[in-house]
Every structure is written in structure tokens, then in C-alpha cells.
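First comes the structure, then the notes that go with it.
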Amino acid sequence: MEKMRLRFAPSPTGALHIGGVRTALYNYLLAKKHGGAFILRIEDTDQGRFVPGAEDYIKEALEWFGLAPDEGPGYGGAHGPYRQSERKALYHKYTAQLVENGRAYYAFDTPEELAAQREENPAFKYDAGARMRMKNSLTLAEEEVGRRIKEGEAHVVRLKVPTGETVSFRDQVRGQVSFDSYELDDKVLLKADGMPTYHMANVVDDYLMEITHVIRGEEWLSSTAHHVLLYQALGWEGQMPEFAHLPLILRPDGKGKLSKRDGARFGFPVFPLSWEGKTEEDSFTGMREFGFLPEAALNFLALLGWNPGTEQEIFSREELVAAFSVERINKSGTRFDIDKAKWFNQQYIIKADTDYLLERVRPVIAAHGYEPGDAFLKAFIELMRERAVTLDDFWENGYFFFEEPRAYDEKMVRKRWDPERKGLFDELAGQLHLVNNYTAGSIKAQTEAFIDERGLKFGDVLPILRLGVAGTMKGPAIFEMMELLGREEVDRRLRKAFVQFNELK
RNA sequence: GGCCCGUUCGUCUAGGGGUUAGGACGCAGGAUUUUCAUUCCUGAAACACGGGUUCGAUUCCCGUACGGGCUACCA
């Protein structure tokens with residue numbers, strides 16, 4: 001069997017959203033499963049929508065997820081160039097061939113004229129029924145056409161869709177899909193600016209790059225009929241790739257496909273990495289910056305529209321490669337569920353290697369101005385990992401490991417603190433300060449002895465220590481926390497807290 | 001509007017002519033942890049509707065409804 005070759009072909013029009021990442025992932029998984037190649041192709045044929053930096057963003061995002069392409073701009077490969085803007089000559093060659101064979105034609109109708117047509121008739125389609133009324137090489141005399149082109153008049157090349165045919169193809173996700181050719185319009189193949197449209201470029205490149213399988217979003221399903229027609233017109237039916245159209249990723253409320261705005265609208269990231277747009281409206285927080293682990297995000301994404309047929313939920317990239325199959329891709333649209341994504345992230349944080357987490361938590365803490373040593377940070381991570389859903393939570397829920405509590409949980413202080421007992425607690429603090437060997441075990445033993453001796457209950461003392469040290473009732477085991485913080489720091493915090501508790505009361 | 005695609009708990013899904021319709025997230029309750037979280041247990045929660053076909057349909061067929069996509073010299 002020939003080598004499998006799959007491509008991910010985004011257009012550099014801005015940040016790549018999560019649906020695009022999933023498309024890339026599925027392409028990657030299928031390629032790797034069969035020892036094939038995963039190719040990145042940049043579809044930069046729309047000069048009006050080109051956004052500088054978008055290509056780098058796409059590459060960085062893929063690499064963050066561990067989906068580095070085998071071929072692509074900057075990655076090498078024998079089928080380049082991998083930017084469509086650098087392949088213009090190819091598209092010209094094949095469109096010329098199509099015109100010559102009578103499968104395409106030149107059209108001189110201006111955008112304004114077409115707009116006017118649609119104004120008049122909103123259902124207007126430039127198709128077999130309309131083309132003989134338009135200004136093109138089918139209706140104009142040959143000399144006239146030659147003259148216009150020679151004089152540099154703006155023109156496009158359009159596909160001449162045959163009449164009376166049924167165009168059908170087998171989609172690997174949806175099965176047989178058919179269209180009557182009279183439904184199909186004469187798509188523009190080559191634009192007036194000399195760039196190809198997606199339809200032309202995608203067919204030419206997939207053929208030239210020997211792409212065997214096309215996995216893309218469902219938004220392409222309708223135009224696949226045109227692509228099939230193009231393969232036929234070019235004489236490449238035999239080399240036509242397999243198609244698999246993925247269900248769309250829907251907004252959390254199910255109203256339409258997920259779009260750029262939805263991140264801001266629903267308050268969570270729908271992009272892999274943050275993006276600095278020209279305006280605030282055009283800037284987004286990424287999953288990375290939100291505190292997601294790439295492995296977790298990838299795992300979550302893989303299960304959005306595909307399932308292994310088993311009850312396994314947690315998959316490493318390697319396991320995904322092994323388990324993936326196109327047959328198990330779902331047909332229906334899928335909503336982006338941030339709660340599930342967070343759950344995956346939490347699971348990954350709990351199970352991650354400490355050293356791995358160390359490198360990811362360090363910057364989170366450093367962002368707040370603290371650069372503790374590895375030993376401290378590792379101990380901190382072990383204490384906090386079950387309490388963090390995102391990497392940011394290490395700071396949010398554990399900042400008191402680095403600085404004094406910003407505030408005390410007043411409600412709890414009022415509930416647990418008795419001003420009469422300040423002396424008693426000062427005494428306890430004093431005893432703890434003097435404990436030999438400041439470890440969780442000995443601090444605990446000393447506290448227990450104190451409780452016993454004074455006829456107290458754990459509930460009288462532990463919450464007070466916790467509140468004094470962390471300010472909150474939420475957090476890791478109190479004695480472990482105290483050990484990590486150290487004798488002097490704990491003593492300072494406790495003394496200060498008891499004074500403040502009296503003021504609060 | 002036209003064409004194409006879809007429809008199992010709130011969400012992601014398994015399943016498939018006869019099942020107590022299974023799992024996961026979330027939610028509720030409980031156990032463990034004298035906090036929180038984790039972990040474990042329990043619970044509520046679904047086959048869009050109408051016709052067929054069939055001894056029997058959630059499952060197959062046809063409609064309807066609903067949802068989505070496309071309908072650009074955007075991808």
C-alpha cells in the first residue's frame with residue numbers, strides 16, 4: 001500500500017481555534033497510526049485576510065500540542081513549497097489546462113456587476129443556467145476575449161460545471177453523499193488577483209503533494225462536489241483522496257459553530273495560545289495561558305467527535321495514535337464543554353511527573369515575583385496538585401506558601417475564634433516554635449499533647465492554626481504546610497493572626 | 001429560500017429489532033480526610049415527533065419538526 005499522507009491546511013487569517021487543532025490532531029493521528037506523513041500546508045491565498053504572525057502562531061500551537069509536522073514551511077519536505085502563495089505558477093498552469101480542455105472559462109464580470117445581480121435576485125447563482133447571459137469566454141467572441149486579456153482587463157477563471165450529472169462521493173464519516181450538478185455553481189478557480197481560490201488550490205496541492213486522505217471540517221462537505229468535478233476535469237479521478245468530514249465544534253449553547261468571539265463571550269479559552277490582535281476585541285487568552293497542560297487539552301479534544309469504543313477516557317498521545325480510527329468519528333456536531341476540559345486537566349495535573357510539573361508551575365509562581373528553590377517547589381506541588389484544576393490554581397489556591405495571607409476568612413474566624421483564648425493560643429504557638437525537628441510529625445505530636453493537656457478538641461485548635469497560617473479553610477494538610485513554611489514563618493504568622501483575630505471578633 | 005448533513009441523560013457519548021438503554025463530565029446525597037481537594041459509593045437524568053415494516057421498534061424505511069453547514073473573485 002502506498003504511504004499515507006495527510007495534511008492540515010489552515011489559512012493564516014488569525015489565531016487557530018480549537019476546532020482547527022482538532023482537525024490537525026485527527027490528521028496527525030491517522031497519519032501516525034499508519035506510519036504516514038503529517039503535512040502542514042499554509043493556505044494563504046486570500047491576500048485581504050492575511051494576518052502577519054498567524055503562520056507562526058499555527059506552528060507554535062501545533063508544537064505545543066506535540067503535533068509537529070513532518071513536512072511544511074520550515075519543516076522541509078520534498079513536496080514544497082508549502083505556502084500556496086509560493087505555488088501560483090502551478091495553479092496558473094492547471095487552470096490554463098482546464099480552459100484549454102473546455103472545462104473552465106474566463107469570466108469578465110466585475111464584482112460590482114455580480115453584486116448588482118444578487119441585489120436584483122438574492123438567489124442568483126453563476127451556474128449553467130446563468131453563464132450564457134454573463135460576460136465570459138463562452139459568450140464573447142474569441143478575439144474579444146483575447147483582446148480583453150491582452151489589455152489586462154481583470155478576469156477570473158471559472159469551472160464549467162457539467163449539466164445533468166449526479167456528483168457523488170463516499171465520505172468516510174457520512175457514507176455516500178450526492179449532489180445534482182445543476183445545483184452547483186461555476187466556482188471561481190483563479191481570482192482576478194492571480195491567486196487561486198481554495199477549491200482550485202486544494203485540489204492541485206493535494207494531488208501534487210500526493211495526499212491520500214483529506215480530513216477536514218464539515219463546512220467543506222458541500223463544496224466537495226466541486227472538488228470531485230475538478231479531479232475529473234483534471235484527469236485525476238484515480239488519485240482522488242479519501243474524504244472524511246468532521247462534525248463541527250459548536251458553541252456551548254449549541255447555537256452555531258464555535259467562533260473567535262465565543263471565548264470572550266463564555267469566559268474560557270477556545271484558542272490554544274493567547275493571541276495579540278490589533279484590538280482588544282481581537283485578542284484572546286489561550287488554553288496554555290489559562291493553565292492547561294497540552295496533553296490534557298489534546299486528550300479532551302480527541303474525544304470531541306471521536307470515541308474509542310471502550311470506556312477509557314485518559315489517553316496519552318501514543319495511546320491515541322494506537323486507538324484512533326476514522327470509523328469511530330461521530331456524525332453530529334459537538335459542543336465545547338469547558339467543564340470536561342477542566343476535569344481532564346485536573347486529572348493530568350494529579351498524575352503528572354513532579355519534574356514535569358515543576359517546569360510548568362515555576363513560571364506561574366515566578367509571575368508573582370517568587371523564585372523558590374526546586375526542593376520547596378516540589379514539596380509545594382505535591383501538597384497542591386490535587387487541589388489545582390489549572391496551573392494558575394497553584395498560585396490562586398496556594399499563594400500563601402509564598403507570602404502571608406492577604407486576608408482571613410472572617411466568617412470562619414468569627415465562628416472559631418474565642419478572644420478569651422488568645423493567651424492559650426499564644427502559648428501553643430510558643431510551644432510549636434520550640435519543637436525539636438520541625439517536621440509535620442513532631443508539630444502534630446506537640447499539638448496533640450497540648451490539646452490533651454488542656455482538655456481541648458481538635459476542632460478547637462486545627463481550624464485556628466489553619467486560619468492563622470493560610471487565612472482560609474481551604475488547603476493541604478495543616479502540619480505538612482507548617483513544616484514546609486518553616487518554624488520562623490509559622491510563628492510570625494500565628495502571632496500576627498491571633499492579634500488580628502481579636503480585632504475581627 | 002435552495003442544497004447538503006445531523007438528532008440517545010443538561011453536556012460528551014456506548015449500544016442496537018426483544019437491554020434494568022451502559023460509561024464520562026456536571027449536579028445531588030453519603031463515606032474517607034476534624035479543612036479544602038482527591039478517592040470511593042449512591043442517586044436524579046436520555047432514545048425529538050408522526051407514520052409505516054415487524055410478533056416486537058430507541059434501533060430499519062418514509063415524512064415532520066428542530067439544529068447545523070454551505071449558498072463570495074473567504075477559507
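Throughout, protein chains are lettered first and strands after them, A, B, ... in sequence-line order, and every chain is numbered starting at 1.
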Are the side chain of [X] and the backbone N or O of [Y] linked by a donor-acceptor pair below 3.5 Å?
X      : Y      : answer
A/D205 : A/Q84  : no
A/R87  : A/P81  : yes
A/D393 : A/V389 : yes
A/R158 : A/D186 : yes
A/N397 : A/R387 : yes

Using a 4.0 Å heavy-atom cut-off across all strands, classify [X] as base, sugar-phosphate, or nothing.
X      : result
A/T45  : sugar-phosphate
A/R335 : sugar-phosphate
A/S222 : base
A/P12  : nothing
A/V188 : sugar-phosphate
A/S223 : nothing
A/P247 : nothing
A/Q84  : nothing
A/G48  : nothing
A/R328 : sugar-phosphate

In whole angstrom, give the distance that lies between atom [atom1] of [X] and atom [atom2] of [N].
X      : N     : atom1 : atom2 : value
A/K187 : B/C70 : NZ    : P     : 11 Å
A/R385 : B/C36 : CZ    : C1'   : 17 Å
A/L250 : B/C66 : CG    : P     : 17 Å
A/I42  : B/A75 : CD1   : P     : 14 Å
A/L189 : B/C74 : CG    : P     : 12 Å
A/L221 : B/C5  : CG    : P     : 7 Å
A/R251 : B/C12 : CZ    : P     : 15 Å
A/M482 : B/U35 : CE    : C1'   : 14 Å

Ring centres under 6.0 angstrom apart ([X], [Y]):
X      : Y      : answer
A/F336 : A/F268 : yes
A/W220 : A/F243 : no
A/F380 : A/F402 : yes
A/F300 : A/W343 : no
A/F324 : A/W306 : yes

If you measure from the [atom1] atom in [N] to the same atom in [M], how many Å do you get, rounded?
N     : M     : atom1 : result
B/U59 : B/G50 : P     : 12 Å
B/C3  : B/G63 : P     : 13 Å
B/U42 : B/C62 : C1'   : 44 Å
B/G2  : B/G16 : C1'   : 35 Å
B/G23 : B/G43 : P     : 10 Å
B/U54 : B/G18 : C1'   : 12 Å
B/C41 : B/G52 : P     : 46 Å

For [N], give the paired nucleotide (Watson-Crick: N1-N3 plus N6-O4 or O6-N4; G-U: N1-O2 and O6-N3; both under 3.5 Å), or none.
N     : result
B/C60 : B/G52
B/A14 : none
B/U39 : B/A31
B/U7  : B/A65
B/A46 : none
B/G26 : none

Any [X] side-chain N or O less than 4.0 Å from OP1/OP2 of [N]:
X      : N     : answer
A/N307 : B/U13 : no
A/K191 : B/A75 : yes
A/Q347 : B/U39 : yes

If you check the [X] side chain, which of [options] turns out closest?
X      : options             : value
A/S332 : B/G6, B/U13, B/C74  : B/G6
A/E218 : B/U38, B/G68, B/A75 : B/G68
A/E311 : B/G22, B/U35, B/G26 : B/G22
A/R387 : B/C70, B/C36, B/U35 : B/C36
A/L248 : B/G69, B/C25, B/A75 : B/G69
A/W343 : B/C73, B/A24, B/C12 : B/A24
A/N330 : B/A24, B/A75, B/A14 : B/A14
A/A192 : B/A75, B/C73, B/C25 : B/C73

Please compare A/P463 and A/P196 by the position of their nearest nucleotide in RNA chain B and report the one closer to 5'.
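Its nucleotide being nearer the 5' end, the pick is A/P463.
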Both A/L190 and A/K457 contact RNA chain B. Taking the nearest nucleotide for each, which residue is further toward the 5' end?
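Residue closer to the 5' terminus by nearest nucleotide: A/K457.
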Does the pair A/R41/A/E43 count as a salt bridge with the N-to-O cut at 4.0 Å?
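Yes.
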Are any of the side-chain nitrogens in A/E151 or A/R148 under 4.0 Å away from the carboxylate oxygens of its partner?
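Salt bridge between A/E151 and A/R148, a charged N being under 4.0 Å from a carboxylate O: no.
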Would you compute the distance between atom CG of A/L40 and atom CD of A/E55 and round it to the nearest 0.5 angstrom?
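So the CG of A/L40 and the CD of A/E55 are separated by 7.0 Å.
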Let's see if you get this right: which residues in [range] place a heavy atom under 4.0 Å from RNA chain B?
range                       : result
residues 388-403 of chain A : none
residues 173-184 of chain A : A/R174, A/V177, A/S178, A/F179, A/E183
residues 108-127 of chain A : A/D109, A/T110, A/P111, A/L114, A/R118

Can A/R406 be said to sit on top of A/Y399's aromatic six-ring, NZ or CZ under 6.0 Å from centre and within 45° of the ring axis?
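Here A/R406 passes the 6.0 Å and 45° test against A/Y399.
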Exceeds 12 heavy-atom contacts within 6.0 angstrom, atom CD of A/E453:
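Atom CD in A/E453 is packed in, count exceeds 12.
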Whether A/F284 and A/F271 hold their rings parallel, tilted or perpendicular, with breakpoints at 30° and 60°
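Answer is parallel, since the angle falls under 30°.
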